[in-house]
Trainee: 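Got a structure for you, questions after.
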Amino acid sequence: MAAVRARRAIEKTEKITQRRRVRRGNAESRIGHFCYTFAFTVRGFQFGPFPPDGREIIYEESMAIRRVGVVGCGLMGSGIAQVSAVGGFETVVREVSAELVEKGIKGIEKNLNRLVEKGTISEAVKSEIRGRLKGSTSIDDLKSCDLVIEAIIEQLPAKRELFGALDALCPPATIFASNTSSLTITEIATATKRPQRFVGLHFFNPVPVMKLVEVVRTIATEPAVYEEMVAFGAKLGKTPVRAHDSTGFIVNRLLVPYLLDAIRALEEGVGSIEDIDNSMKLGCGHPMGPLTLLDFVGLDTTYYISQIMFEEFKERRFAAPPLLKRMVLAGWNGRKAGRGFYDYSDPQNPKAQKF
Ligand code: CAA
């Protein structure tokens with residue numbers, strides 16, 4: 001049965017591709033035909049039979065993104081919602097409680113007010129942006145979105161459960177994206193029946209300021225969907241980079257070992273907290289030293305990421321140093337906890353901790 005369904009799907013793909021070939025009539029479409037057929041075949045092997053309800057996977061024609069849903073209104077989710085609304089998209093951001101929605105939206109309003117004060121945008125433009133942004137506690141409000149971006153806790157079961165629910169709610173054309181920084185996009189995508197319409201969109205903290213978005217494709221991501229997401233990243237004013245679904249993608253593959261090595265250097269007494277930070281700031285021109293950056297990203301977040309990356313690669317460079325584990329156990333999770341490598345009792349004047 002699975003083989004018959006796969007054959008039918010391939011035939012359907014061929015028909016779609018043939019239509020496209022007639023339209024384009026050039027070598028590019030023949031390459032496209034091969035890629036689509038190959039992707040279908042690989043998908044059949046990779047994830048087993050097509051959807052058990054007998055639904056065939058149909059390639060949707062490229063669609064315009066108008067309405068964006070963001071799940072999670074914390075540090076990353078609120079930043080993504082902000083840049084989406086600023087980018088001209090109707091945006092609905094969903095959190096689990098009214099308090100969390102309010103907190104996230106207040107942060108966005110504060111950022112927009114700062115832009116007005118600096119003269120970057122007018123009061124009228126701010127109102128337009130604010131008008132495009134809606135907070136919600138109901139997942140049902142995401143059902144008319146063309147794209148849903150998830151930015152919830154970095155835990156696979158929670159993400160899979162969310163996307164399973166979204167898959168049942170949203171039309172088949174809706175594209176799903178995860179902002180995960182270390183989990184495997186393929187593993188999250190297979191909680192849905194639309195892995196071909198699933199990508200990673202990895203933003204950086206603080207989202208309104210950092211210019212990068214990693215656009216991550218899996219072996220199942222439809223090329224047209226992927227290109228649409230690259231274009232979407234650019235519409236948000238970001239520079240999109242293309243990355244495969246390899247744990248940590250590009251940035252964390254390089255950044256995480258560097259951050260963990262800074263902790264190891266501290267453990268081994270190579271330098272003090274201030275000296276390690278100043279070395280990389282003044283010697284290499286980094287905006288923050290590694291231990292300040294760890295406090296900024298969150299020690300708990302870095303700890304979880306390192307565990308996922310170590311599990312995947314089994315290499316020492318991704319292993320959490322004992323000091324990091326102990327700080328997380330003690331709740332010294334960095335700036336958000338008021339304490340990490342620095343003490344933030346006076347946030348304007350952080351003091352390096354003595355261990
Ligand atoms: N939201 C919005 N805007 C913010 C902001 C925030 N949270 N924080 C700072 N800004 C803005 C300020 O308003 C200011 O804007 P103007 O220049 O227009 O006035 C600008 O950013 C610079 O801010 P400051 O002058 O207050 O401070 P700064 O010059 O030290 O810059 C910083 C702050 C941008 C955070 C800079 O220190 C920096 O780039 N740090 C490195 C951050 C980084 O590496 N982030 C990636 C972390 S890794 C990650 O996120 C992914 C992962 O998976 C772990």
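Below, all heavy atoms of this structure are taken into account, side chains as well, without hydrogens, waters or symmetry copies.
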Trainee: Report yes or no: do N349 and Y342 form a side-chain donor-acceptor pair below 3.5 Å?
Mentor: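 Y342 and N349 do not have a side-chain donor-acceptor pair below 3.5 Å.
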Trainee: Any side-chain heavy atom of I149 sitting closer than 4.5 Å to one from V71?
Mentor: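 They are not in contact (no side-chain heavy atoms under 4.5 Å apart), so the answer is no.
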Trainee: Cation over ring, R217 on Y226, under 6.0 Å and within 45°?
Mentor: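 Yes, cation above the ring, under 6.0 Å and within 45°.
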Trainee: Would you say the side chain of T180 lies within less than 4.5 Å of the side chain of K159, judging by non-hydrogen atoms?
Mentor: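 Yes, close enough: below the 4.5 Å cut-off.
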Trainee: Run the side chain to side chain contact (heavy atoms under 4.5 Å, CB included) check on I108 and Q82 step by step: do they pass?
Mentor: CA-CA 6 Å; I108 295 173; Q82 178 180 326; 4.0 Å; yes
Trainee: Contact between I276 and P290 at the side-chain level, heavy atoms closer than 4.5 Å - yes or no?
Mentor: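 In contact.
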Trainee: Grab the two heavy atoms, one from A319 and one from R264, that are nearest each other, plus how far apart they are.
Mentor: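 Residues A319 and R264, closest heavy atoms: O-NH1, 3.1 Å.
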Trainee: Could you go step by step and tell me if I105 and V93 meet the side chain to side chain contact (heavy atoms under 4.5 Å, CB included) rule?
Mentor: CA-CA 9 Å; I105 297 271; V93 56; 4.0 Å; yes
Trainee: Could you verify whether a donor N or O on one side chain and an acceptor N or O on the other, from S136 and D141, lie under 3.5 Å apart?
Mentor: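 Yes, D141 and S136 have a side-chain donor paired with an acceptor closer than 3.5 Å.
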Trainee: Is L299 close to L324 at the side-chain level, that is, under 4.5 Å between some pair of heavy atoms?
Mentor: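 Yes, close enough: below the 4.5 Å cut-off.
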Trainee: Mark yes when over 12 heavy atoms from residues, nucleotides or ligands other than K143 sit less than 6.0 Å from its NZ; otherwise mark no.
Mentor: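 No - once you tally the heavy atoms of other residues, nucleotides and ligands closer than 6.0 Å, there are 12 at most.
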Trainee: Heavy-atom count around K314 NZ within 6.0 Å, excluding the residue itself: above 12?
Mentor: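 Count over threshold, so yes.
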Trainee: Any side-chain to backbone donor/acceptor pair from S246 onto F249? Under 3.5 Å, distance only.
Mentor: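 Checked: no pair found.
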Trainee: Are V96 and L169 joined in one hydrophobic group, where the rule is that I, L, V, M, F, W and Y side chains link up if heavy atoms are under 4.5 Å apart?
Mentor: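 No; L169 is not reachable from V96 via cluster members.
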Trainee: For the atom pair CE (M288) and CG (L293), what is the distance rounded to the nearest 0.5 Å?
Mentor: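 That separation rounds to 6.5 Å.
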Trainee: Would you mind reporting whether W332 and Q353 have side-chain heavy atoms less than 4.5 Å apart?
Mentor: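 Sidechains of W332 and Q353: in contact.
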Trainee: Measuring from L112:CG to K110:NZ, what's the distance to the nearest 0.5 Å?
Mentor: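 Nearest 0.5 Å value for the CG-NZ distance: 12.5 Å.
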Trainee: Would you mind checking if D343 and K354 are paired as a salt bridge, meaning a charged N to carboxylate O distance below 4.0 Å?
Mentor: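 No, K354 and D343 are not salt-bridged.
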Trainee: Using modelled atom types only, decide if a donor and an acceptor are shared between the side chain of E150 and the backbone of I152 within a distance under 3.5 Å.
Mentor: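 Such a contact is found between E150 side chain and I152 backbone.
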Trainee: Can K134 and E90 be counted as an ion pair, charged N to O under 4.0 angstrom?
Mentor: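 So K134 does not pair with E90 through a salt bridge.
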Trainee: Any sub-3.5 Å donor-acceptor pair from E214's side-chain atoms to I250's backbone N or O?
Mentor: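 It does hold such a pair.
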Trainee: Tell me, do K238 and V215 make a side-chain contact under 4.5 Å, heavy atoms counted?
Mentor: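 SC-SC contact between K238 and V215 ruled out.
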Trainee: Determine, for F176 and R194, whether the Lys NZ or Arg CZ falls below 6.0 Å from the six-membered ring centre while staying within 45 degrees of the axis.
Mentor: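 R194 over F176 ring: yes.
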Trainee: Verify, without hydrogens or angle tests, whether Q196 (side chain) and E222 (backbone) share a donor-acceptor contact under 3.5 angstrom.
Mentor: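 Absent.
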Trainee: Answer yes when K106 and E102 have at least one side-chain N-carboxylate O distance shorter than 4.0 Å, and no when they do not.
Mentor: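 Yes, this pair counts.
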Trainee: Do you know the tightest heavy-atom contact between S144 and R67?
Mentor: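 Result for this residue pair: OG-NE, 2.9 Å.
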Trainee: Would a single hydrophobic cluster contain both V216 and M76, if residues Ile, Leu, Val, Met, Phe, Trp and Tyr are joined by side-chain heavy-atom contacts under 4.5 Å?
Mentor: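 Not linked; separate clusters.
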Trainee: Could you walk me through whether D146 and I175 pass side chain to side chain contact (heavy atoms under 4.5 Å, CB included), step by step?
Mentor: CA-CA 6 Å; D146 306 309; I175 297 172; over 6 Å; no
Trainee: Locate the shortest heavy-atom distance separating I188 from F198; write the atom from each residue and the value.
Mentor: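 I188 and F198 have their closest heavy atoms at CG2-CZ, 3.8 Å.
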Trainee: Locate the shortest heavy-atom distance separating I185 from D245; write the atom from each residue and the value.
Mentor: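 Heavy atoms only, the tightest pair is N-OD1, 2.9 Å.
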Trainee: Any link between V213 and F204 through a network of hydrophobic side chains (Ile, Leu, Val, Met, Phe, Trp, Tyr) touching at under 4.5 Å?
Mentor: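 In one cluster with V213: F204, no.
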Trainee: Do the side chain of N252 and the main chain of S181 share a donor and acceptor less than 3.5 angstrom apart?
Mentor: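 Side chain of N252 to backbone of S181: a pair is present.
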Trainee: Just checking, is any N or O donor in the side chain of T190 or R160 under 3.5 Å from an acceptor N or O on the other one?
Mentor: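 Looking only at side-chain atoms, R160 and T190 do form a donor-acceptor pair, the distance falling under 3.5 Å.
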Trainee: Would you give the length of the straight line joining atom OG1 of T120 to atom NZ of K126, rounded to the nearest 0.5 angstrom?
Mentor: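 If we round to the nearest 0.5 Å, T120:OG1 and K126:NZ are 13.5 Å apart.
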Trainee: Atom CG in L183, atom CE in M309: separation rounded to 0.5 Å?
Mentor: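 CE of M309 is found 11.0 Å from CG of L183.
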Trainee: Could you walk me through whether T91 and S84 pass side-chain hydrogen bond (donor to acceptor under 3.5 Å, both in side chains), step by step?
Mentor: CA-CA 7 Å; T91 305; S84 170; 2.7 Å; yes
Trainee: Once rounded to the nearest 0.5 Å, what's the spacing between atom CZ of F232 and atom NZ of K235?
Mentor: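 Nearest 0.5 Å value for the CZ-NZ distance: 8.5 Å.
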Trainee: Any non-hydrogen side-chain atom of E311 less than 4.5 Å from a side-chain atom of F318?
Mentor: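 In short, these two side chains do not touch, never coming nearer than 4.5 Å.
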Trainee: Should V328 and I308 be regarded as members of a common hydrophobic cluster, given that ILVMFWY residues are connected when their side-chain heavy atoms come within less than 4.5 Å of each other, either directly or indirectly?
Mentor: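 Different clusters: V328 never reaches I308 through Ile, Leu, Val, Met, Phe, Trp or Tyr contacts under 4.5 Å.
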Trainee: I'd like to know if the side chain of R114 and the backbone of E117 have a donor-acceptor N/O pair within less than 3.5 Å.
Mentor: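 Side chain of R114 to backbone of E117, a donor-acceptor pair under 3.5 Å: no, none is there.
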Trainee: Closer than 3.5 angstrom, by distance alone: can the side chain of T174 be matched with the main-chain N or O of C170 as a donor-acceptor pair?
Mentor: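 Looks like no, no N/O pair under 3.5 Å.
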Trainee: Is there a continuous path of hydrophobic side-chain contacts, each under 4.5 Å between heavy atoms, that joins F355 to Y344?
Mentor: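 Linked, F355 and Y344 end up in one cluster.
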Trainee: Just checking, is any N or O donor in the side chain of E154 or S182 under 3.5 Å from an acceptor N or O on the other one?
Mentor: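 A pair is found: one side chain offers a donor N or O, the other an acceptor, under 3.5 Å apart.
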Trainee: So, for F341 and L294, which heavy atoms are closest and what is the spacing to 0.1 Å?
Mentor: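 That would be CE1-CD1, 3.9 Å.
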Trainee: CD1 of I153 to CG of L156: how many Å apart, nearest 0.5 Å?
Mentor: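 Here the rounded value is 12.0 Å.
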Trainee: Is it the case that over 12 heavy atoms from other parts of the model lie below 6.0 angstrom from the CD atom of E227?
Mentor: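 Above 12, so yes.
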Trainee: Is there a donor-acceptor pair under 3.5 Å between the side chain of T184 and the backbone N or O of E187?
Mentor: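 No, the answer is negative, given that no donor and acceptor are paired below the 3.5 Å cut-off.
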Trainee: Does the side chain of F310 reach to within under 4.5 Å of the side chain of Q307, using non-hydrogen atoms?
Mentor: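 Side chain of F310 against side chain of Q307, heavy atoms only: no contact under 4.5 Å found.
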Trainee: Are L166 and I139 close enough, and set up right, to give a side chain to side chain contact (heavy atoms under 4.5 Å, CB included), and what steps lead you there?
Mentor: CA-CA 8 Å; L166 286 169; I139 196 170; 3.9 Å; yes
Trainee: Please find the pair of heavy atoms, one from L75 and one from S78, that lie closest to each other, and give the distance.
Mentor: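 Minimum heavy-atom separation between L75 and S78: O-OG, 3.4 Å.
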Trainee: Among V207, V86, I80, V83, which one satisfies side chain to side chain contact (heavy atoms under 4.5 Å, CB included) with L236?
Mentor: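 Exactly one option meets the side chain to side chain contact (heavy atoms under 4.5 Å, CB included) with L236, and it is V83.
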